[in-house]
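Order of listing sets the numbers, starting from 1, for every ligand and every atom in it.
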Amino acid sequence: MIAENLKKVKSRIDSVKHEQKVQLIAVSKAHSVTKIQEAVDAGQMHFGENYLQESLDKIDLFEEKNLVWHFIGPIQSNKTASIAEKFDWVHSVERYKIAKRLSDQRPSKLDQLNVLLQVNIDREKTKSGFFLEDIEEIVPEIKKLPNIALRGFMCIPNPDNSADSFTKMSVLLSKYPDLDALSMGMSADLELAIEKGATFVRVGTDIFGEREYN
Ligand SMILES: *Cc1c(COP(=O)(O)O)cnc(C)c1O
């Protein structure tokens with residue numbers, strides 16, 4: 001079932017003309033290790049998680065598989081140490097303080113932690129992230145942090161105008177030739193996101209089915 005779903009999502013990705021490399025992240029939050037195992041058996045390597053405690057258990061279980069783990073959920077500052085130790089990418093950095101803690105707490109034996117700045121592209125009260133106009137000032141500060149590597153930007157747009165929002169994100173990334181990652185597009189809108197330049201799409205439901213909880 002999951003192998004089949006992965007195949008469908010990949011063919012949706014391939015159906016869109018794009019020049020950039022696109023990496024599919026299987027968002028496994030609120031899904032069991034059995035389902036993750038099925039995805040791994042089907043060749044999926046990149047997984048996204050939102051809730052720290054359940055993700056740590058999963059990461060430990062699959063340790064020898066060399067999976068790539070992406071933290072994509074809200075980050076409380078008392079949770080940064082485990083994220084810095086266990087994850088390869090963090091998409092949801094939305095305050096300088098969080099970036100600083102992740103850098104300070106990244107174990108020195110590991111490579112730099114890859115981070116994306118979350119952009120509240122539609123300025124929604126219910127969503128977190130930097131406003132577009134604050135990005136220019138924060139980027140140089142983030143780049144100074146030694147144990148994290150700023151790679152690009154992430155957004156969760158309002159579905160009503162995602163095309164415009166994806167375009168704005170793409171324009172933003174183009175201002176930084178040294179950055180290469182744009183995380184946008186989910187089950188419902190991944191084609192549009194890829195058309196606009198997404199390099200990571202984050203897909204949960206269309207791979208794993210409805211979540212067991214939210
Ligand atoms: C849950 C989640 C997804 C996956 O959403 P689906 O609609 O299940 O594909 C993607 N990105 C983020 C940030 C999420 O929290």
Name the closest protein heavy atom to [atom], giving the residue it belongs to and the distance to 0.1 Å.
{"atom": "atom 11 (N) of ligand 1", "result": "Arg202 NE, 2.8 Å"}
{"atom": "atom 1 (C) of ligand 1", "result": "Lys29 NZ, 1.4 Å"}
{"atom": "atom 9 (O) of ligand 1", "result": "Ser187 OG, 2.6 Å"}
{"atom": "atom 10 (C) of ligand 1", "result": "Met186 SD, 3.2 Å"}

*Report yes if some N/O of Asp206 lies less than 3.5 Å from some N/O of ligand 1; otherwise report no.*
no
_Option nearest atom 8 (O) of ligand 1 (shortest heavy-atom distance, choices Asp189, Leu190, Thr205, Ile72)_ = Thr205
*Relative to the ring of Phe200, is the ring of His70 parallel (under 30°), tilted (30 to 60°) or perpendicular (over 60°)?*
perpendicular
*Should the ring pair Phe87 and Phe71 be called parallel, tilted or perpendicular, given that the plane angle runs from 0 to 90° and is split at 30 and 60?*
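It falls in the perpendicular class, over 60°.
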*asked:* To check you understand the geometry: which heavy-atom pair defines the closest contact between Ile138 and Tyr96, and what is its length?
replied: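 Residues Ile138 and Tyr96, closest heavy atoms: CD1-CB, 3.8 Å.
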*Would you list the pairs meeting side-chain hydrogen bond (donor to acceptor under 3.5 Å, both in side chains) in which at least one residue belongs to residues 145-159, sequence neighbours left out?*
Asn114-Arg151, Glu124-Asn158, Arg151-Asp180
*Run the numbers for me: atoms of ligand 1, each under 4.0 Å from some heavy atom of Ile156, listed by number.*
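Counting from 1, the qualifying ligand atoms are 13 (C).
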*Mind checking what makes side-chain contact (heavy atoms from CB on, under 4.5 Å) contact with Ala81, not counting sequence neighbours?*
Gln105
*asked:* If I take atom CG from residue Leu113 and atom CG from residue Leu145, how far apart are they, to the nearest 0.5 angstrom?
replied: 11.0 Å
*Rounded to the nearest 0.5 Å, what separation is found between the CD1 atom of Ile75 and the NE2 atom of His91?*
10.5 Å
*Is ligand 1 less than 4.0 angstrom away from at least one heavy atom of Val203?*
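Contact present.
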*Tell me, please: is Arg211 in heavy-atom contact with ligand 1, that is, under 4.0 Å?*
yes
